Amino acid sequence: QPAQLDEYSDQLPLTPHLGYFVDPDGRADATAMFARAGRGEFAPLPGGSDAFGFTEGAYWFHAEVFNAHPSLRRWLLVLHYPLLDNIDLYLRYPDGRVEHMASGDNLPFSARSISYRQPNFWLDLPQRSRVELLMRVQSRSSMQVPLVLYTPTAFAERERDTQFGIGLFYGILVALFCYNLVLWLSLRDASHFWYMFHVAGFGLVVLCLNGLSFEYFWPNSPWLANHSIPLSMAISQVAMHQFCRVFLELPERIPWANRVSLGVMAFYLLMGLGSFVLPYRAVVLPMTLAVFPGALFILALALISLRRGYAPAKVFLLAWGCLLFGTALYASVSFGLLPKNFLTEYGIQIGSALEMILLSFALAYRYAKLRGENEVLVREHNEQLERHVARRTSELSTALEQLAEANQRLRESNRRDALTGLFNRRHFRDLFEHQMHHAAEHRQPLGVLLIDLDHFKGVNDTHGHLAGDECLRWMGRCLTDSLSVHGAVIARFGGEEFVAVVPDMAGDRLLHLAEQLRVRICSEPVRYAGSNIGISASIGVFVLRPGNGLGVDDALLRADDALYAAKDRGRNCVHAAEDVTG
Ligand SMILES: Nc1nc2c(ncn2[C@@H]2O[C@H](COP(=O)(O)OP(=O)(O)OP(=O)(O)O)[C@@H](O)[C@H]2O)c(=O)[nH]1
């Protein structure tokens, strides 16, 4: 059936009008093929589909076009599949004239009729005449020939919508890429880097598949136009699996899946490198076949992660679901399950854009979760540290208290005589001076008693040194009992000699006190080892009065003089210096 063009049809798919013929060794020429078409040797498209999958040899397609349009001669023929290598178009006019045009990505981009990502040809179709259209296609990629004839206006209108959709898709990808670049630079979290890699890889493969990379990146390099397909596929798949590995934390959470994932990445990497040396089909076919199981594998991993309680996998699963759903929509058209419309035609782009947006959310969610966990860890660590510091501080303050007590005890023991527990001579001097100032301030007299045991050498000789020690201890207790009630400062002055300074005490009261003390010493025998040891003491008395100009040494000297006098008088008596009562 010839394809009829008229004023009511501004675009016409040629698929229903095509017949095809396979030339296995690709040597046949157009003349022979026009002849075969004339003999009706061209078969209708199998199942009415213009897609043949990966094929060998050259494919010839034939159609007749009748232009019944009243005014339009120039039509644009577009082949909506940009990956075909060699396309030769022959037009045979009623007068027998044959016109030849060529396109495909084995030719530079400039060879195309209009600068457009898919192969296209301007056709000059005279009114009310039938033109034969013969097309030879040979390609290492899969064989698809979705041919459509457009009026220039119809094509411009269609392309406006398509370009807008593509622009929107890449706008989203570029924005997400930049956004994650900023995040990666500021947070230094590797998952943002691998996300960018995934976005760039996916963007690149779509660019290559829809013919835009050939148009914009390497229009003069048919070699790159052909190799970009396996390379971009390999890059995008490696990026996708690497991102999943990092996001789902496979090395720590699912080690076996991590090994599988690394294996899949190694496979794509090898295929990508192999594309430089191996035939196109030997690398593209296995890669294409591996894409679907790979996507299912990632879906399964997301489900496993979710079941194991990894919360970020929820958004990841949703994102992945969008991509798979979009792809399923797109594929369902090929299987004739859904009609071709905007949603199904651009299912992959819409699904992947949603996937990228959701993955970006997933990254933010994962980051917030990690930060929350880190904060809990830091808080727990700080609390532990604070508890530790508090414990060590209290231990330290206890140690300081014990040290202060030990210091106090040390200071005290430095001041005391070890045998009797009374103040020693050195500290006594300080206390005496302090007493003197106090007495001078309050204009009070100070009574000074110097007490020396009589014939103590005899005690030692008779009862032993230890008995002598006990006598000295007893003396200490006796002096404390008798004098401390009067506020006296008592000290061991040396060997068997003691000293006491009694505040606000002079005259007869002081002499009486000394006499009482003497009597007590000689009347209470010291008990030691079952025997009673009788002791006595001589006491020298002196009174230090405020304003008499005497110092500590003077006062002690006077008291000592009095003590000597008491010894001279026969011991066991009290002797006062002259001015005791004065
Ligand atoms: N057991 C003991 N004896 C001491 C201590 N310090 C000094 N003595 C003794 O005290 C005696 C003092 O002897 P002397 O200075 O001759 O005096 P005295 O024998 O008491 O004679 P008069 O003072 O003249 O009555 C010495 O035999 C010292 O050894 C001590 O801490 N313990």
Side-chain angles (χ1 to χ4, degrees), residues 409-432 447-484 488-502 510-544 552-578 580:
R409 277 199 301 276
L410 195 66
R411 244 193 327 271
E412 198 62 15
S413 73
N414 269 342
R415 294 170 180 172
R416 298 270 173 188
D417 166 53
L419 185 68
T420 60
L422 298 175
F423 289 123
N424 60 26
R425 186 172 181 160
R426 192 176 59 239
H427 189 56
F428 168 76
R429 267 192 79 87
D430 297 341
L431 293 175
F432 193 5
V448 181
L449 307 180
L450 211 53
I451 307 127
D452 189 276
L453 289 177
D454 297 331
H455 301 303
F456 192 60
K457 185 174 180 313
V459 174
N460 272 338
D461 293 347
T462 312
H463 300 282
H465 212 79
L466 292 179
D469 282 352
E470 181 52 34
C471 291
L472 292 171
R473 273 194 289 270
W474 183 88
M475 267 300 284
R477 289 194 295 274
C478 177
L479 288 172
T480 307
D481 285 353
S482 310
L483 302 178
S484 56
V489 169
I490 310 156
R492 186 178 175 194
F493 203 59
E496 84 295 15
E497 201 173 345
F498 300 87
V499 64
V501 176
V502 193
L510 181 62
L511 288 175
H512 183 66
L513 184 66
E515 183 57 21
Q516 263 185 333
L517 180 65
R518 184 194 67 77
V519 170
R520 186 174 175 182
I521 293 168
C522 65
S523 56
E524 289 181 28
V526 179
R527 294 195 61 78
Y528 180 76
S531 46
N532 290 333
I533 305 168
I535 55 170
S536 68
S538 302
I539 302 175
V541 179
F542 175 70
V543 173
L544 188 64
V552 169
D553 291 330
D554 299 321
L556 289 174
L557 204 61
R558 298 290 174 86
D560 200 38
D561 289 345
L563 175 61
Y564 268 93
K567 292 275 182 187
D568 281 349
R569 278 176 50 199
R571 298 181 171 79
N572 193 18
C573 65
V574 174
H575 185 84
E578 289 161 19
V580 169

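Source: prediction; values computed, not measured. Read the numbers this way: they start at 1 and go in the same order the structure lists the ligands and their atoms. Values below: all heavy atoms of this structure, side chains included; hydrogens, waters and symmetry mates excluded.
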Peer 1: Under 4.0 Å from a heavy atom of G468: give me the atoms of ligand 1 that qualify, with their elements.
Peer 2: 1 (N)

Peer 1: To check your reading of the model: name the closest protein heavy atom to atom 6 (N) of ligand 1, its residue, and the distance in Å.
Peer 2: G495 CA, 3.4 Å

Peer 1: For atom 9 (C) of ligand 1, which candidate among D469, D454, N460 holds the nearest heavy atom?
Peer 2: N460

Peer 1: Return the closest protein heavy atom for atom 20 (O) of ligand 1 as residue, atom name and distance.
Peer 2: F456 N, 2.7 Å

Peer 1: Treating D417 as the side-chain partner and A491 as the backbone partner, does any N or O pair qualify as donor plus acceptor under 3.5 Å?
Peer 2: no

Peer 1: Less than 4.0 angstrom from a charged side-chain N to a carboxylate O is my criterion; do E470 and R473 meet it?
Peer 2: yes

Peer 1: Any idea which part of L472 is under 4.0 Å from ligand 1, heavy-atom wise: side chain, backbone, both or neither?
Peer 2: side chain

Peer 1: Does any part of the side chain of I451, heavy atoms only, come nearer than 4.5 Å to the side chain of M475, both counted from C-beta?
Peer 2: yes

Peer 1: Which of the atoms in ligand 1, numbered in the order shown and given with their element, are less than 4.0 Å from a heavy-atom of L453?
Peer 2: 20 (O), 23 (O), 25 (O)

Peer 1: Would you indicate which of K457, H455, R492, R473 comes nearest to atom 5 (C) of ligand 1 when only heavy atoms are counted?
Peer 2: R492

Peer 1: For atom 22 (P) of ligand 1, what's the nearest protein heavy-atom neighbour? Residue, atom name and distance, please.
Peer 2: K567 NZ, 3.6 Å

Peer 1: What do we get for D452 next to ligand 1 when only non-hydrogen atoms under 4.0 Å count, side chain, backbone, both or neither?
Peer 2: side chain

Peer 1: Between D481 and R477, is there a salt bridge with N-O shorter than 4.0 Å?
Peer 2: no

Peer 1: Hey, are K567 and D560 close enough for a salt bridge, meaning a charged N less than 4.0 Å from a carboxylate O?
Peer 2: no

Peer 1: Under 4.0 Å, counting heavy atoms only: does H463 come that close to any atom of ligand 1?
Peer 2: no

Peer 1: Is it possible for you to check whether R416 lies under 6.0 Å from the centre of the six-membered ring of F423, through NZ or CZ, and within 45° of that ring's axis?
Peer 2: yes

Peer 1: Using the side-chain contact (heavy atoms from CB on, under 4.5 Å) rule, pick out the option among S536, C573, C522 that qualifies with D454.
Peer 2: S536

Peer 1: With atom 12 (C) of ligand 1 as the reference point, say which of E470, E496, R571 has the nearest heavy atom.
Peer 2: E496

Peer 1: Just by modelled atom types, is the L544 backbone N or O under 3.5 Å from a matching donor or acceptor in the R558 side chain?
Peer 2: no

